[in-house]
Amino acid sequence: MTDKVEFGLDTFGDVTLGSDGKLLPQAQVIRNLVEEAVLADEIGIDFIGVGEHHRDDFAVSAPETVLAGIATRTSRIKLGSAVTVLSSDDPIRVFQRFSTVDALSNGRAEVILGRGSFTESFPLFGFRLNDYETLFTEKLDLFAAIRKGEPVTWQGSIRPPLEDQSVYPPIENGTLKTWIGVGGSPESVVRAARYNLPLMLAIIGGDPKRFRPYVDLYHQALDQLGGATLPVGVHSPGYIADTDEQAREELWPHYKLMRDRIGGERGWPPATRADFLSEVERGSLYVGSPETVARKIAATVKALGAARFQMKYSSGPLPHEKMMRSIELYGGRVIPAAREILAEKLELSEA
């Protein structure tokens with residue numbers, strides 16, 4: 001298991017505080033994000049995912065462009081989205097942009113396709129929320145056809161049909177690694193299996209072990225459909241400092257600002273300190289010292305049989321310098337400790 005488990009990072013490009021206590025310009029946030037990815041590459045982290053949003057508290061609206069910049073500054077880290085909102089995009093352009101990143105990075109590009117948890121891209125790009133299900137279903141079907149690397153013949157209800165149409169540039173070697181991001185819908189889990197694509201579980205609250213039935217459903221669906229065994233990944237938020245107390249104190253005010261802003265839009269009550277600590281201690285917030293976070297990640301990986309764990313290291317206006325230190329601890333201490341714990345558990349299970 002330990003040889004197969006990958007450890008990654010995710011960010012949505014949250015707009016952060018500068019040294020003067022004021023929010024940084026979005027352009028500077030993007031430049032800082034590239035530096036964060038360079039650090040992750042240097043210290044051996046396996047993957048970095050960049051999310052897509054279209055609002056003032058997140059700086060990244062074009063993840064592939066940022067990933068292209070990262071590709072030219074890094075040498076080994078895998079580069080992907082977290083996630084690409086396929087419903088409000090064009091599958092052909094998505095493929096072309098990621099195949100370009102793949103070329104620039106010498107084969108390190110991945111894409112995680114999903115519906116996204118925000119809907120601002122629908123009115124921005126002229127799509128109706130009433131078409132939510134149809135848009136994702138048909139666009140995923142078209143993307144899957146493009147991904148095969150052959151001339152595409154396809155017909156649906158959302159766009160004119162394609163007949164024997166080639167898409168350029170092609171992936172240089174193999175196929176573009178494509179995950180389906182799922183937040184907890186059985187239908188989405190089965191859809192990932194039907195297209196024979198890896199499953200990325202977005203677990204942002206509650207006990208992560210509650211997602212085990214989705215993992216089992218995914219493997220059962222793959223087996224019934226005659227598909228190969230495919231990896232399951234986990235995306236969850238986290239933050240690392242030298243001690244548990246330091247990590248909690250540094251993250252809490254920024255977490256609350258982000259959580260209350262989003263919650264206010266969705267009718268949630270304000271976040272309380274007790275709620276925060278409950279998620280840290282028993283839920284899906286991976287916050288604490290390197291030793292604490294390593295143990296918690298290893299427990300989740302073991303419980304879900306995950307092949308990859310991606311920690312969302314950005315959280316509201318948390319400053320760039322704090323995130324850099326968290327990345328440093330994640331790559332330098334958390335990942336080695338988690339691998340060691342998983343190796344010990346594997347040896348015990350085989351004994």
Side-chain angles (χ1 to χ4, degrees), residues 6-13 26-27 29-54 58-116 121 125 139-140 142-150 152 165-181 195 197-198 200 231 233 235 308 310-314 327:
E6 295 180 322
F7 294 89
L9 291 168
D10 288 335
T11 177
F12 295 165
Q26 292 198 346
V29 172
I30 291 171
R31 291 190 287 269
N32 287 347
L33 193 164
V34 173
E35 296 305 321
E36 292 154 14
V38 169
L39 174 61
D41 181 63
E42 290 173 348
I43 61 179
I45 293 170
D46 297 309
F47 171 87
I48 186 160
V50 180
E52 171 194 352
H53 290 86
H54 305 271
F58 298 110
V60 179
S61 61
E64 306 92 339
T65 307
V66 178
L67 292 169
I70 294 170
T72 65
R73 297 277 309 279
T74 57
S75 61
R76 48 160 304 281
I77 194 168
K78 296 177 182 178
L79 310 171
S81 57
V83 301
T84 295
V85 185
L86 187 63
S87 306
S88 57
D89 212 327
D90 183 284
I92 296 173
R93 294 297 284 147
V94 170
F95 180 86
Q96 290 175 325
R97 295 194 298 262
F98 274 95
S99 63
T100 301
V101 173
D102 196 68
L104 290 169
S105 64
N106 290 305
R108 291 182 281 135
E110 302 184 2
V111 59
I112 302 176
L113 302 174
R115 304 163 187 263
S121 62
F125 297 120
K139 290 186 178 187
L140 178 58
L142 175 54
F143 189 91
I146 298 166
R147 183 173 171 269
K148 294 176 182 178
E150 304 168 354
V152 178
Q165 179 69 57
S166 296
V167 178
Y168 303 103
I171 296 295
E172 187 173 21
N173 296 298
T175 57
L176 176 64
K177 185 163 187 179
T178 303
W179 302 71
I180 298 295
Y195 283 100
L197 296 174
M200 182 62 63
H235 155 100
R308 182 186 288 175
Q310 297 176 194
M311 186 184 79
K312 180 183 176 290
Y313 67 91
S314 59
I327 292 168

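Excluded from the calculations below are hydrogen atoms, water molecules and symmetry mates; all remaining heavy atoms, backbone and side chain alike, are included.
Exactly one of T65, D89, T84 qualifies for a side chain to side chain donor-acceptor pair (under 3.5 Å) with R97. That residue is D89.
Between the side chain of R308 and the backbone N or O of P231 there is no donor-acceptor pair closer than 3.5 Å. No donor-acceptor pair under 3.5 Å is formed between the side chain of Q26 and the backbone N or O of V60. Although no hydrogens or angles enter the test, the distance criterion places no donor-acceptor pair under 3.5 Å between the side chain of T175 and the main chain of K148. Checked by atom type and distance alone, the side chain of R108 pairs as donor or acceptor with a backbone atom of S105 at under 3.5 Å. A donor-acceptor pair is defined here as one N or O able to donate and one able to accept, closer than 3.5 Å; no such pair exists between the side chain of S81 and the backbone of V111.
The shortest side-chain heavy-atom distance between V152 and L142 falls under the 4.5 Å cut-off. Side chains of D10 and M200 form no contact here, defined as non-hydrogen atoms less than 4.5 Å apart. Counting heavy atoms from C-beta outward, R147 and L197 have side chains that approach closer than 4.5 Å. Under the 4.5 Å side-chain criterion, counting only non-hydrogen atoms from C-beta, L140 is in contact with Y195. Residues I171 and F95 are in side-chain contact: their nearest non-hydrogen atoms beyond the backbone lie under 4.5 Å apart. Taking the side chain as every heavy atom from C-beta outward, I77 and D46 never approach each other to under 4.5 Å. The shortest distance between side-chain heavy atoms of L33 and I70 falls below 4.5 Å.
Summarising the geometry, atom CD1 belonging to I48 is positioned 7.0 Å from atom OG1 belonging to T11; distances are rounded to the nearest 0.5 Å. Taken to the nearest 0.5 Å, the CG atom of N32 stands 7.5 Å off from the CD atom of E35. To the nearest 0.5 angstrom, L79 atom CG is 12.0 Å from E64 atom CD. Note that the CD atom of E52 and the CG atom of L86 stand 9.5 Å from one another [nearest 0.5 Å]. Rounded to the nearest 0.5 angstrom, I45 CD1 and E36 CD are separated by 11.0 Å. For the atom pair L67 CG and E110 CD, the distance stands at 10.5 Å (nearest 0.5 Å).
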Step-by-step side-chain contact (heavy atoms from CB on, under 4.5 Å) determination, L176 to F143: CA-CA 11 Å; L176 176 64; F143 189 91; 4.0 Å; yes

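When all heavy atoms are compared, the tightest approach of A68 to L104 is CB-CD1, 3.7 Å. Nearest heavy-atom pair, I146 versus I92, reported as atom, atom and distance to 0.1 Å: CD1-CG1, 3.6 Å. Of all heavy-atom pairs spanning Q96 and P169, the tightest one is O-CD, 4.2 Å. The shortest non-hydrogen separation linking P63 to V50 is CB-O, 3.5 Å. Residue T178 comes nearest to P198 through the heavy atom pair O-CD, 3.0 Å, listed as atom of the first residue, atom of the second, then distance. Across all their heavy atoms, V85 and S121 have their closest contact at CG1-OG, 3.9 Å.
R76 CZ: more than 12 foreign heavy atoms inside a 6.0 Å radius.
Ring geometry for H235 versus F12: interplanar angle under 30°, hence parallel rather than tilted (30 to 60°).
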